[in-house]
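Every number for a ligand or one of its atoms is a count from 1 in the order of the listing.
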Amino acid sequence: MLIHKRSDFPKGFVFGAATSAYQIEGHKHGGAGRAMWDDFAATPGNVIRAEDGATACDHYHHYPADLDLLKEGGFDAYRFSTSWARVMPDGRTVNPEGLDFYDRLTDAMLERGLKPCATLYHWELPSALADRGGWRNRDIAGWFGDFTEIIMGRIGDRMHSVATINEFWCVAFLSHFLGHHAPGLRDIRATARAMHHVLLAHGTSIERMRGMGLGNLGAVFNMEWAMPADDSPEAVEAAALYDDYYNRFYISGAFKGTYPARVVEALGQHFPDRWQDDFGTISAPLDWAGVNYYTRSILAPNDGPWPHHHSVEGPLPKTQMGWEVYPKGLRDFLVRTAAEYTGDVPLWVTENGMANADTMTDGVVQDEARIDYFNAHLGAVRDAIAKGVPVKGYMAWSLLDNYEWALGYEKRFGMVHVDFDTLARTPKASWHAFREMLGA
Ligand code: IFM
């Protein structure tokens, strides 16, 4: 069971669960266009068994029952994302069926008393825009602004909150430098441009939404606590560099209008011309910031080319992803983010959870490890609040087992088990634990 009580958190603290469009909806339905993840998955070697999001959890048809699970679980909010390729199949032309879907989804949330918390972009870039250079092309800021206006013109009036981008580091670095996510590039210049353009697109989207009179606008930053493998100055520097390009770069751009010096030193030559002129847009004021937190990384130096370090395996218990369970990092990030970047601006934990090798026995999934993980991390949130950090909500990742990107359907993050053959949903022990805690 969860050891916390709702009353252990401040009055009005919001508990929710998060998902994303491509990971659950079923992209073959409703006139959605081809997304870069369809292309990435169809390229042998990128995704386990070349699995894609064509069917996923078929949330497109099962959304009423899925929202019932949130309501019955006692959750207050649902963090969902809007697929750009569903709303604008070629990135520029509107698909009315796509807008209708998010309209129905929004009303269905409200009917159940759930706060709709939208994320505009959770990685399904239309292939037609990827063809035009995707995140490497500066024009993406305007394209994203247009998408923002189209989708928020339809559902913006009913949103509790809106985030622009989910996990800037993944959009830029994981996908253009490490090549692990679509579009699968390994190119330092493409990376630098994507890093800057994703922030420019974020700022443009915020400006467009302000122009529409929308409020409670934010963005979602993923963070991984960086620790040196030993006390040597080289290892300390390796961890600091990782911290800069992973954790600090995007939130620093958005909240301070600057980039960390170490990153500019290495990547500045690859940034677009006059990149400094964009900070007026990039650092448009935000109403809240989201922190996605899962684990830490331990860094050791090497003598290779930039970023001249590598991660080493740590001693702590690991999740099915091989990620160490390190709850203190969540507390420390919340404290540091408020102290150094966001001040009094409300913070949300917009994702936190674990993949587990769940098994079903007699229709029951006893995911005690996940309950332990939630207990420890909710404790970290309480610790941060006790230190005065204005944390306003916590979103568990994820409501459903889903498409874990390059790892296909193998890694189960859900509080609800999904049978990917029958699409049957079975709440796990962790869902029941939340239900008990939230007093549904
Ligand atoms: O599944 C992802 C999600 O799309 C973004 N944040 C991390 C999760 C787990 O890897």
Side-chain angles (χ1 to χ4, degrees), residues 16-27 35-38 40-41 46-48 51-53 56-57 59 78-85 117-125 163-175 178 180-182 198 218-225 246-247 250-251 289-297 311 318-326 329-330 333 348-358 367 369-370 373-374 377 394-418 420 430:
T19 65
S20 93
Y22 193 83
Q23 290 181 273
I24 64 165
E25 282 178 2
H27 229 246
M36 70 174 170
W37 267 94
D38 296 321
F40 186 71
N46 283 340
V47 178
I48 287 179
E51 288 167 349
D52 61 24
C57 308
H59 177 70
Y78 178 41
R79 177 171 176 243
F80 69 108
S81 77
T82 50
S83 164
W84 191 344
C117 300
T119 299
L120 286 161
Y121 183 74
H122 199 127
W123 310 351
E124 58 293 293
L125 185 73
T164 53
I165 302 283
N166 182 68
E167 301 189 346
F168 294 78
W169 179 83
C170 295
V171 174
F173 205 92
L174 186 65
S175 310
L178 301 177
H180 295 170
H181 275 190
V198 69
V220 171
F221 305 91
N222 55 314
M223 298 189 183
E224 199 171 285
W225 195 257
Y246 194 122
N247 299 315
Y250 306 96
I251 198 158
V291 172
N292 286 2
Y293 178 79
Y294 291 89
T295 189
R296 70 170 177 177
S297 237
S311 294
K318 298 187 181 59
T319 71
Q320 195 192 14
M321 297 291 274
W323 296 347
E324 280 188 300
V325 179
Y326 184 66
L330 177 56
F333 268 131
W348 287 66
V349 177
T350 30
E351 282 183 29
N352 178 239
M354 69 174 281
N356 192 43
D358 298 321
D367 57 340
R370 184 171 287 109
Y373 185 101
F374 284 136
H377 288 80
Y394 175 93
M395 306 281 194
W397 182 271
S398 182
L399 175 65
L400 305 170
D401 289 338
N402 58 50
Y403 180 64
E404 180 52 25
W405 307 111
L407 301 175
Y409 292 94
E410 219 166 72
K411 309 293 182 194
R412 293 183 176 271
F413 272 94
M415 295 179 287
V416 173
H417 180 276
V418 176
F420 291 108
S430 55

- With Trp123, the side chain to side chain contact (heavy atoms under 4.5 Å, CB included) member among Trp84, Tyr22, Trp405: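 Only one of Trp84, Tyr22, Trp405 forms a side chain to side chain contact (heavy atoms under 4.5 Å, CB included) with Trp123, namely Trp405.
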- Item | The single option from Arg296, Lys318, His377 passing side chain to side chain contact (heavy atoms under 4.5 Å, CB included) against Val325 |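 So the option named by the test is His377.
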- Can you name the side chain to side chain donor-acceptor pair (under 3.5 Å) partners of Tyr403, sequence neighbours left out?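 Expected list: none.
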- Query: Using a distance-only test with no angle check, is there a side-chain donor-acceptor pair under 3.5 angstrom linking Glu224 and Tyr246?
  - Reply: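 There is such a pair (donor and acceptor under 3.5 Å, judged by atom type) between the side chains of Glu224 and Tyr246.
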- Can you tell me how far the NE2 atom of His122 sits from the OG atom of Ser81, to the nearest 0.5 Å?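 Answer rounded to 0.5 Å: 6.0 Å.
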- Nearest-0.5 Å distance that lies between atom OH in Tyr293 and atom CG in Asn247: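 One gets 9.5 Å once the value is rounded to the nearest 0.5 Å.
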- For ligand 1, the residues whose heavy atoms come within less than 4.0 Å (ordered by chain, then number):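 The answer is Gln23, His122, Trp123, Asn166, Glu167, Tyr294, Trp323, Glu351, Trp397, Glu404, Trp405, Phe413, counting any residue whose heavy atom sits under 4.0 Å from ligand 1.
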